[in-house]
Amino acid sequence: MRELVERLRSGEILPSEHLEEIIQKIEEREGLLNAFITLDVEGARERARELDREVERGNARGLLFGLVFAVKDNIAVRGMRLTCGSRMLENYVSPYHATTVERILGEGAIIVGKANLDEFACGSSGETSYFGPTRNPHDPERVPGGSSSGPAVAVAAGMSDVSLGSDTGGSIRNPASFTGIFGFKPTYGLVSRYGLVDLAMSLDVIGPLSPDAEGIALTMEAIQGSDGRDATVREKRLPFLEALDTFSLEGVKVGYSESLLEGVEESVLGWFRKFLSLLEGMGAEVVEVDFPPVSKIWPLYYVIMYPEFASAMQRYSGLTYGHRAEGESLEEVMARSRSEALGREVKRRILLGTYLSMEKYERSFYERGKRLRRGLRAKVREVFREVDFLVSPTVPFLPFKLGERIEDPVKMYASDALTVLANLTGIPAINIPFGREGRLPVGVQVMGRWFEDHRVVALAKRVEERL
Ligand code: GLN
């Protein structure tokens, strides 16, 4: 990706020429794949012409100069619809930019459209969007993963150079794994969430999806760092680009745990073992670490996420914004608006989250969940005293067929078994596209210490060079 930006900045290819190639891909593939909810081809062309003029004037600059982005449709882009994949916000237009959007534009990016997602980012398959499911470009009968289904498919099918997604329990890494690209979830507190519609605010982060590790590093370099509009972001900047060139696996300690392999499909396991040998071959020391079983970790995610989600969803009452139904009384307007405009999975989560937050249960569920989460953080801290990185498969199984898991939430939630750990503890994690079973991509996950994001991305780059 760095080379592409160089060529765009030097005028070897003009931003508008590059954009036309992408538009061509969109024309060919979007009809089948449904990666976008809103396309803004004319807006993108206008922006590209502005960038062309900067090249002509000899002042083309910006880390992302001329790169074409798709932005997940739960991240605000001023003047464009912000639907969250829901009928509730079908016609809602954002009056402002998310901080991350402002920052990529400030570095010369072009935004071509808003990408499809599971409704309000609730899902692991890309099937629950009000605007229809997104399909996997490697096999259109299969799901692309979710909830950042559109951002992943846009990149995997050449309909954007890079995408911005969000990850609450795996929503960047899971579709990256299913579509064979890189997807990075930063440390909680490194990237501003301003302008991201909340799913569960103590877990949500924005991060990039890209065909290569350089696209991840360039975008992270652009979007990281403090923001007066999100008090959870730290005063920190990490040297993503520098680490790409200097990081070495020599002498690095990598941990894995048999307990994180529990229930993982054979084919995925086979690739994961190959990954461990590759790391060893590159000079890393691979050791087994002791870890609680996955079956104890992932239910914790749901105990914390449901109540936070139910609370965030209270704003969609049909009164202030979003879909509004007719009704005789206030209650009727609210009840009808919500029942008409929200999908099944979203309703299920509101109900369960409300139940878990009831006064008589609050101490025993959410509070207890938070306590267990602190325990998990302590465990992870301990592991990272012993090793520099922790690795696992990204998703325990291969991309499945559309419709195969949608009726059974427990089977669907099993997709998140290995990704929620990074959200619950806040650590950075990346998906590296590593293998293929027939046409289907298989990913591996690398997790690192808090605020060692640049090392996680650099490790991915070293692995990419070997593939
Ligand atoms: N698949 C997970 C869920 O359904 C994660 C969603 C996300 O990360 N946004 O909650």
Side-chain angles (χ1 to χ4, degrees), residues 1-6 63 155-156 161-162 167 172-173 176-177 179-187 190 207-224 237-257 260 268-289 383-384 386-395 418-419 422 427-436 441-467:
M1 203 66 73
R2 279 189 288 192
E3 201 190 310
L4 175 59
V5 176
E6 264 323 304
L63 285 167
V155 168
D161 292 310
V162 184
D167 192 311
I172 288 175
R173 291 159 287 156
S177 170
T179 59
I181 62 172
F182 292 80
F184 181 60
K185 173 229 170 281
T187 300
L190 182 63
L209 299 96
S210 163
D212 63 4
E214 286 184 357
I216 301 285
L218 285 167
T219 308
M220 283 306 303
E221 194 80 38
I223 65 177
Q224 66 173 332
R237 291 192 63 81
L238 304 175
F240 282 94
L241 293 176
E242 194 188 311
L244 274 191
D245 298 322
T246 58
F247 179 84
S248 155
L249 271 150
E250 210 60 59
V252 161
K253 249 179 143 178
V254 176
Y256 75 97
S257 169
L260 293 178
V268 177
L269 217 46
W271 284 105
F272 179 66
R273 305 248 182 244
K274 281 190 201 133
F275 177 55
L276 294 182
S277 334
L278 178 77
L279 292 174
E280 270 177 342
M282 292 171 76
E285 185 189 344
V286 176
V287 298
E288 193 184 337
V289 296
V383 166
F384 281 128
E386 204 186 315
V387 296
D388 301 290
F389 300 95
L390 182 63
V391 295
S392 76
T394 305
V395 187
L418 302 170
T419 46
I427 57 175
I430 197 164
N431 175 69
I432 304 177
F434 191 72
R436 289 259 164 174
V442 182
V444 293
Q445 175 175 235
V446 177
M447 297 172 266
R449 295 189 185 105
W450 292 272
F451 296 103
E452 290 195 359
D453 303 48
H454 52 303
R455 301 184 77 216
V456 172
V457 179
L459 190 159
K461 167 81 175 158
R462 290 292 90 81
V463 172
E464 181 186 17
E465 287 161 354
R466 288 297 184 102
L467 294 179

How would you list all residue pairs meeting side chain to side chain donor-acceptor pair (under 3.5 Å) that involve residues 273-285, not counting sequence neighbours?
none
List the steps, then state whether side chain to side chain contact (heavy atoms under 4.5 Å, CB included) holds for Phe182 with Val457.
CA-CA 9 Å; Phe182 292 80; Val457 179; over 6 Å; no
Donor-acceptor pairs under 3.5 angstrom involving side-chain atoms of residues 460-467: please list them, not counting sequence neighbours.
residue: Lys461; atom: NZ; partner: Glu214; partner atom: OE2; Å: 3.1
residue: Arg462; atom: NE; partner: Glu465; partner atom: OE1; Å: 2.9
residue: Arg462; atom: NH1; partner: Leu244; partner atom: O; Å: 3.1
residue: Arg462; atom: NH1; partner: Phe247; partner atom: O; Å: 2.6
residue: Arg462; atom: NH2; partner: Leu244; partner atom: O; Å: 2.6
residue: Arg462; atom: NH2; partner: Glu465; partner atom: OE2; Å: 3.1
residue: Glu464; atom: OE1; partner: Ala213; partner atom: N; Å: 3.2

Going through the checks in order, is the side chain to side chain contact (heavy atoms under 4.5 Å, CB included) test met by Asp388 and Arg449?
CA-CA 7 Å; Asp388 301 290; Arg449 295 189 185 105; 3.2 Å; yes
To the nearest 0.5 Å, atom OG1 of Thr419 lies from atom CD of Gln445 at 6.5 Å
Taking all non-hydrogen atoms of both residues into account, name the closest pair between Leu209 and Ala176 and its distance.
CD2-CB, 4.3 Å
Main-chain N/O of Ile181 paired with Asn431 side-chain donor or acceptor, under 3.5 Å:
yes
Could you report the tightest heavy-atom contact between Gly443 and Ser177, atom names first, then the distance?
N-OG, 3.5 Å
Reported OG1-to-CG distance for the pair Thr246 and Leu241, which is rounded to 0.5 angstrom
10.5 Å
Show the nearest heavy-atom pair for residues Glu288 and Ser257, with the distance to one decimal.
CG-CA, 4.5 Å
Could you pull out the closest heavy-atom pair between Glu221 and Pro239, with the gap in Å?
OE1-C, 4.2 Å
Where is the tightest heavy-atom contact between Val268 and Pro393, given as atom of each residue plus distance?
CG1-CB, 3.7 Å
For Leu418 and Leu260, which heavy atoms make the closest approach, and how far apart are they?
CD2-O, 3.0 Å
Once rounded to the nearest 0.5 Å, what's the spacing between atom CG of Leu459 and atom CE of Met282?
7.0 Å
In this structure, CG of Asp453 is separated from CZ of Phe240 (nearest 0.5 Å) by 4.5 Å
